[in-house]
Number of protein chains: 2
Amino acid sequence: MAETPDTSPDAPDVQNAEIDCYCPLGGVMDLLSRQYAMQVTCVVGAIGPARYGEIEETFGEVSSSTLSTRLDNLVEAGLLSREQYNEIPPRVEYELTETGEELRERLDPLLEWAEEQDDCD
Amino acid sequence: MAETPDTSPDAPDVQNAEIDCYCPLGGVMDLLSRQYAMQVTCVVGAIGPARYGEIEETFGEVSSSTLSTRLDNLVEAGLLSREQYNEIPPRVEYELTETGEELRERLDPLLEWAEEQDDCD
DNA sequence: CAGAATCCATTCGGATACTG
DNA sequence: CAGTATCCGAATGGATTCTG
């Protein structure tokens with residue numbers, strides 16, 4: 001346990017930095033830490049209304065269960081919308097919600113940078 | 001929004017757009033997907049030369065083994081530098097490398113946004 | 001086509017205890 | 001102080017199979 005003398009209710013100054021709240025971050029960051037979560041978000045953002053197969057292709061090596069789970073998570077979190085058309089053959093389209101779009105804007109620079117680092121091309 | 005391709009090829013034919021490079025991303029993104037990795041990066045960036053204890057305090061609930069592992073990973077990846085002073089008591093300082101700094105710049109907007117989403121206060 | 005359901009190997013991360 | 005070492009339960013992600 002943190003030996004927190006109840007004399008200082010406030011956070012111990014971490015050297016006057018502007019770190020006001022690097023708190024838990026359970027929610028979103030937790031989700032984004034799941035494999036492919038960030039990539040899926042950016043991919044969907046990049047290709048707009050994206051069908052399952054398209055997303056799958058983009059990754060190539062992901063298993064359907066994993067990708068499916070991730071898409072679910074993102075939909076649950078309100079970052080993606082899922083529209084299902086009951087046609088034959090069935091068609092489903094994922095799209096960024098507004099929140100998802102906000103996220104993607106912040107994610108894109110990161111992923112692009114990451115690609116450079118990993119010597120992608 | 002971001003770019004202004006004067007010699008832009010043409011409409012975003014996503015099918016064959018430049019997003020064909022949302023490739024593996026094994027390296028950096030894989031590391032960043034480990035718990036606390038992004039947060040640690042930002043925290044170290046925020047408080048500059050950071051001692052182990054300081055980082056630990058910032059999180060409060062992380063176990064030493066986990067944090068230690070994460071720091072190791074980040075050092076290995078060349079994102080953090082680790083300077084050890086053989087004094088008594090021992091002192092170790094972590095700092096962002098230049099690469100780490102590049103990362104942090106891209107990470108900060110993300111974390112700040114994430115905090116808002118999670119309704120931190 | 002777009003998954004849901006299962007099963008399972010692996011990994012991760014937390015707790016605990018112990019050093020230089 | 002700043003970790004490392006170890007053990008172990010929990011969670012994750014992959015393969016496979018099946019379905020509307």
Side-chain angles (χ1 to χ4, degrees), chain A residues 1-3 12 14-15 24-41 43-44 47-77 80-95, chain B residues 15 24-27 29-41 43-44 47-77 80-95:
Chain A
M1 299 297 199
E3 53 296 322
V14 195
Q15 271 187 350
L25 295 183
V28 186
M29 293 308 291
D30 225 54
L31 168 55
L32 294 182
S33 291
R34 307 284 157 252
Q35 207 156 43
Y36 303 119
M38 303 195 250
Q39 289 94 318
V40 167
T41 302
V43 165
V44 172
I47 67 186
R51 305 185 56 172
Y52 181 88
E54 292 178 318
I55 303 172
E56 198 170 35
E57 279 174 38
T58 311
F59 288 94
E61 3 66 32
V62 71
S63 78
S64 71
S65 57
T66 301
L67 180 55
S68 195
T69 305
R70 204 62 61 241
L71 284 166
D72 257 8
N73 300 154
L74 292 167
V75 170
E76 268 180 65
L80 291 186
S81 67
R82 178 183 186 278
E83 195 120 10
Q84 175 166 359
Y85 303 88
N86 287 315
E87 315 168 344
I88 295 179
R91 182 162 57 99
V92 175
E93 290 187 346
Y94 294 91
E95 205 163 354
Chain B
Q15 219 61 8
L25 294 185
M29 294 308 291
D30 223 55
L31 168 54
L32 294 182
S33 291
R34 305 284 155 251
Q35 207 154 42
Y36 303 119
M38 303 195 249
Q39 290 94 319
V40 166
T41 302
V43 165
V44 172
I47 67 186
R51 304 184 56 172
Y52 181 89
E54 292 178 317
I55 302 172
E56 198 170 35
E57 279 175 38
T58 310
F59 288 94
E61 3 66 32
V62 71
S63 79
S64 71
S65 57
T66 302
L67 180 56
S68 195
T69 305
R70 205 63 61 239
L71 284 166
D72 259 7
N73 301 155
L74 292 167
V75 170
E76 269 180 65
L80 291 186
S81 67
R82 179 183 186 277
E83 195 121 8
Q84 176 166 357
Y85 303 88
N86 287 315
E87 316 169 345
I88 296 178
R91 183 162 56 99
V92 175
E93 291 186 345
Y94 294 91
E95 205 163 355

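The basis for the numbers below is simple: all heavy atoms, side chains too, and nothing from hydrogens, waters or symmetry mates. In what follows, every chain begins at residue 1, and chains take the letters A, B, ... in the order their sequences are listed.
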inquiry  = If the helix axis at each end comes from five base pairs, how far does the helix from C:dC1-D:dG20 to C:dG20-D:dC1 deviate from straight, to 10°?
reply    = 60°

note = Those residues at least two apart in sequence (or on a different chain) that pass salt bridge (charged side-chain N to carboxylate O under 4.0 Å, His left out) with A:Arg34 are A:Asp30

ask   = Which pair of non-hydrogen atoms, one from A:Met29 and one from B:Met38, has the smallest distance, and what is that distance?
value = CE-CE, 3.5 Å

query = How does protein reach along nucleotides 6-20 of chain C, written 5' to 3' as B (base within reach of a heavy atom under 4.0 Å), S (only sugar-phosphate), or - (no contact)?
reply = ------SSBB----B

inquiry  = How many whole angstroms separate atom CD1 of A:Ile88 from atom C1' of C:dC1?
reply    = 11 Å

request  = Start with the C-alpha distance between A:Tyr94 and A:Leu74, add both sets of side-chain angles, then the distance that settles side chain to side chain contact (heavy atoms under 4.5 Å, CB included), and finish with yes or no.
outcome  = CA-CA 10 Å; A:Tyr94 294 91; A:Leu74 292 167; over 6 Å; no

query = If you look at every heavy atom in B:Ser65 and B:Thr69, which pair is closest and at what distance?
reply = O-OG1, 2.7 Å

ask   = Closest heavy-atom contact between B:Val75 and B:Arg82?
value = CG2-CB, 4.1 Å

ask   = Atom CG in A:Leu32, atom CG in A:Asn73: separation rounded to 0.5 Å?
value = 10.5 Å

message = A:Glu83: which residues meet the side-chain contact (heavy atoms from CB on, under 4.5 Å) condition with it, sequence neighbours left out?
response = A:Tyr85

task = Find the distance between CD1 (B:Ile55) and CG (B:Leu71) and round it off to the nearest 0.5 Å.
result = 5.0 Å

request  = Would you name the heavy atoms of A:Glu54 and A:Pro49 that are closest together and state the gap between them?
outcome  = OE1-O, 3.9 Å

request  = Can you tell me the distance, in whole Å, between the CD atom of A:Glu87 and the P atom of C:dA2?
outcome  = 11 Å

message = How close do A:Ala37 and A:Leu31 get, counting heavy atoms only, and between which atoms?
response = CB-O, 3.4 Å

query = Between A:Asp72 (CG) and C:dG3 (P), how many Å, whole number?
reply = 8 Å

remark   = Sorted by chain and residue number, the side-chain hydrogen bond (donor to acceptor under 3.5 Å, both in side chains) partners of B:Arg51 (sequence neighbours excluded) come out as none

query = Quick one: how far along DNA chain D does chain A reach, first to last nucleotide 5' to 3', anything under 4.0 Å to a heavy atom?
reply = D:dT12 to D:dG20

Value in whole Å for how far the C1' atom of C:dG3 lies from CG of A:Leu71 = 10 Å

ask   = Just how far, in rounded Å, is C1' of C:dA2 from CD of A:Glu93?
value = 13 Å

message = Heavy atoms only, 4.0 Å cut-off, all strands: where does B:Tyr85 land among base, sugar-phosphate and nothing?
response = nothing

